[in-house]
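First comes the structure, then the notes that go with it.
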Amino acid sequence: MTSHFAEGEPWFVMTLAGRCGRAARSWGDTVTSPASGEDNTFDPSGATNPRLGLALIVIATAQLMVVLDSTIVNVALPRVQSALGFSGSGLEWVVNAYAVTFGGLLLLGGRAGDILGRRRVFIVGLLLFSMASLLGGFATSQWWLLTARALQGVGGAVIAPTALALITTNFPGGAERNRAFGVYAAMAGAGSAAGLLLGGVLTTYASWRWVMFVNVPIGILVAAAAPRVLAESPRRPGRIDMAGGVSATGGVALLVYGLSKAAAGPEGVSHWGDVPVLASLVAAVALLVSFVLIEMRSSHPLLPMRLLADRDRSGAYLIMLCVSTALFGLFFFLTLFMQSVLGYSAIRSGMAYLPFAVGVVAASGLATPLMARIGARPLILTGVAAVVVGTFWFSRLTEQSGYAGQLLGPLLVTSFGLGLVFVPLSLVSLHNVAEQDSGVASSLLNAGQQIGGAMGLALLGTIAWTTVADSVRTQAADAAKAGRPLPKPGTAPPAAIYDHALAVGFSRGFEVAAGVALLALLIAIATIRLGRKELTGAAPLEVAPEPAAEQEAAPQLAALQPEATQRYEDRVALASAVRPCRLC
C-alpha cells in the first residue's frame, strides 16, 4: 500500500504507517478510490467506510502533525532568538502564541465540525495549518512569526477534535474502533518525543525554518487524501452559540496565558503576584463561570451539560488533565536537565527520547486487544500507576546520573503507562456520546491536554526554579562559611554549584509531577466503572433511553417547547454530574 509519509520521516512513524497498512488489509481495504462525485457520507444505518486503513493513516498523520508542532519548535528556539532578535521573555511567545489559540478555540473547532460536517472542517483546518506553517517558515520579524504561530494554533484547534471525532464517524463500534484509537493514541503519545528528535535534526543540519516548512507537504497531502478516504458526517441543524463561544474561548485563552506567565524563571522569581497574571486568571474564572451559566440557558449550547453527566466521561477528562499537567512539565525540565547538566547536544537529547516513543507505540498496540478482554478500568489504573512510578523515579536523578542506569528505566516505565492510558481514555470520553456531540466531546479531551500542559509548566516551573535559586544561595553561603572563593556579584555561579542546584530543583519538580499523577490515579479509582462489554460493541446513542420511572412524565416533557426541554435536560445532567462516584 502506498504511504502518504514523506521520505525522511522518523522510523517509528513509518512503523505506525505499517501498522495502519496491516489494519487496512484486515479491514478489507480496497485499492480503488471512490468514483468522482460519489457521495461519501456517513451512513447511520451501520454501513462503514470500505477504506478504513487509508482513513486511519489520514487521521493519525494529521494528529501526529499537530502533536509534533507542540515540541518540534522548542529545540529550535535558540536559533530563532538569534535570527529574529527575540528577548528572553519574548521568546516564550513563540510557544505560547500557539498554545493560547489552540486551547482557546478547541470547543469552537469541535462544535463547528459537528454542525458543518467534520471532514469539511478537518480539511479547512489542515489547509490553514499548512498555510500558517509556510508563512512562519518565511518569517523575517518577530510579529510575523508570532502571527503565523497563532494561526497554526487556530488550525490545530480545528484539526485535533475533528480528527478524533472522525474515528467515530468512519469506524464502527467494537474492535475496529478500538484498533483505530490504538493507532491514534500511539501518534498522540509518541509525537512529542518525535518532535524533539526531528527538531534537533532539522535545526542542526538544515535551518530552524524547516521546523515550520516540514508541516506544509504533510498537511497538503493529508488534505488531498481526506475527501477520497474519509466518510463525511451529516450536517446537523443548529447554530454555533456565539455568546458561549466568546466566553469559552476568552476564558480558556486567558487561563492558558495567565498560567504560562505565572511560572518562575531561571532566576527563581515567581510571577504569580504580578498584576497581569492575576488580572488574566480572575478574568478567566469570570468568563468560564459565565460560560457555564450561558450554556445552561442556551437552546443551542456549545457544550451540552449532558456530556458531563456521565461519571466515566468526566473522570476521563480529569485524568487527562492531571496526566498532562504532570508530563508536559516533566518533558520540559528533563530536556533542560539532559542538555544543561548532562551536556547532551540537541540531537542526542532527541535520540534519548526514542525509547519513550517505542514504549508508547508498543503499549498502545498492547492496549487495543486488551480492551476487549479486560475493559478500560484495569488498563487506566495500571497505566496511571506506571506514570506515577516513572515520574517519581525521575525525581531520583542527580548531576552524576547516567543514561542507561538512571534515565532509561523511568523513560520506559512512563511511556508504557501512557500507551496503556491514552487508548481507553479516548474510548471512554466518546462512549455513548450522541453522534452530533462527538466533536465537542473530543475537543474537551484535547482541551484537558492543553490546559494541563499550561498548568504543568506553571506549577512545576515555579517549584523547580525557586528550588534552584534557593539551592544556589545555600551552596554559596556554605562556601563562604568554609572560606572557599565565591563568584563576583552578577556573575554566573560555578558549574558544579549550578549543576547541583538544577538537579535538586528539577528533582523537586518531578516529585510534584508524581503527586499530580497520583491524583489522577485516585480520580480513576473513584470514577471509571465502564465494563468490558460496554466498550467492545456499543455504538454512540442518538437519544438516551428513558428510565422506566420517567416514562409517565414523557408526555408532559414532550409538550414543552424544545428550548425548555433542552434546558431541563441539561440542568438534570449537571446536577447528576456533581456526584464523583457511586459511593457519594
Side-chain angles (χ1 to χ4, degrees), residues 71 74-75 77-78 88 92 95 192-193 196 200 259-260 262-272 322-346 348-350 352-353 355-356 387-415 417-418 452-476 492-518:
T71 56
N74 290 341
V75 180
L77 288 179
E92 68 185 35
V95 176
S192 296
L196 295 171
L259 292 172
S260 300
E267 74 285 352
V269 178
S270 174
H271 301 283
W272 286 95
C322 292
V323 169
S324 299
T325 299
L327 291 179
F328 272 63
L330 185 145
F331 266 122
F332 179 79
F333 289 106
L334 189 58
T335 302
L336 284 179
F337 179 85
M338 287 190 287
Q339 294 189 14
S340 300
V341 179
L342 301 183
Y344 288 10
S345 65
R348 189 179 179 187
S349 298
Y353 284 109
F356 185 92
V387 172
V388 174
V389 172
T391 49
F392 183 75
W393 194 349
F394 278 122
S395 71
R396 303 301 93 187
L397 292 173
T398 68
E399 62 269 32
Q400 287 85 31
S401 296
Y403 182 78
Q406 287 79 32
L407 275 172
L408 182 59
L411 278 172
L412 290 174
V413 171
T414 306
S415 66
L418 281 180
M455 290 173 60
L457 287 175
L459 177 64
L460 272 64
T462 297
I463 293 170
W465 289 121
T466 301
T467 305
V468 168
D470 290 343
S471 178
V472 169
R473 286 192 293 267
T474 300
Q475 291 181 78
I497 290 179
Y498 194 62
D499 286 351
H500 179 73
L502 288 176
V504 172
F506 293 173
S507 293
R508 185 65 54 82
F510 295 151
E511 288 176 356
V512 176
V516 176
L518 180 60

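Every value quoted in this text rests on a predicted model; they were computed, and no experiment measured them.
Atom-to-atom distance recorded for Q400:CD and D499:CG is 9.5 Å, nearest 0.5 angstrom. Taking OH of Y353 as the start and CE of M338 as the end, the distance is 3.5 Å to the nearest 0.5 Å.
With hydrogens and angles disregarded, no donor-acceptor distance shorter than 3.5 Å links the side chain of T391 to the backbone of F510. In this structure a side-chain-to-backbone donor-acceptor pair under 3.5 Å is missing from S471 to T467. Q406 places no side-chain N or O within 3.5 Å of a backbone atom of S401 that could act as its donor or acceptor partner. Side chain of T325 to main chain of G452: a donor-acceptor pair is present (N/O by atom type, distance under 3.5 Å, no hydrogens or angles).
Of all heavy-atom pairs between A326 and A517, the closest is CB-N, 4.3 Å. In terms of heavy-atom proximity, V472 sits nearest to A501 at CG2-CB, 3.6 Å. Here the closest heavy-atom approach between residue L407 and residue L397 is recorded as CD2-CD1, 3.9 Å. Taking every heavy atom of both residues into account, L502 and V468 meet most closely at CA-CG2, 3.9 Å. Of all non-hydrogen atoms in S395 and E511, the two that sit nearest each other are CB-CG, 3.5 Å. Nearest heavy atom pair, residue A513 against residue L460, reads CB-CD2, 3.8 Å.
Taking the six-membered ring where the residue is Trp, F506 and F333 present tilted rings, their angle falling between 30° and 60°.
Residue F356 is tested with L334, L411, L408 for a side chain to side chain contact (heavy atoms under 4.5 Å, CB included); the sole match is L411.
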>> side chain to side chain contact (heavy atoms under 4.5 Å, CB included), that's the test. Do F337 and F394 meet it? Break it down for me.
In response: CA-CA 11 Å; F337 179 85; F394 278 122; over 6 Å; no
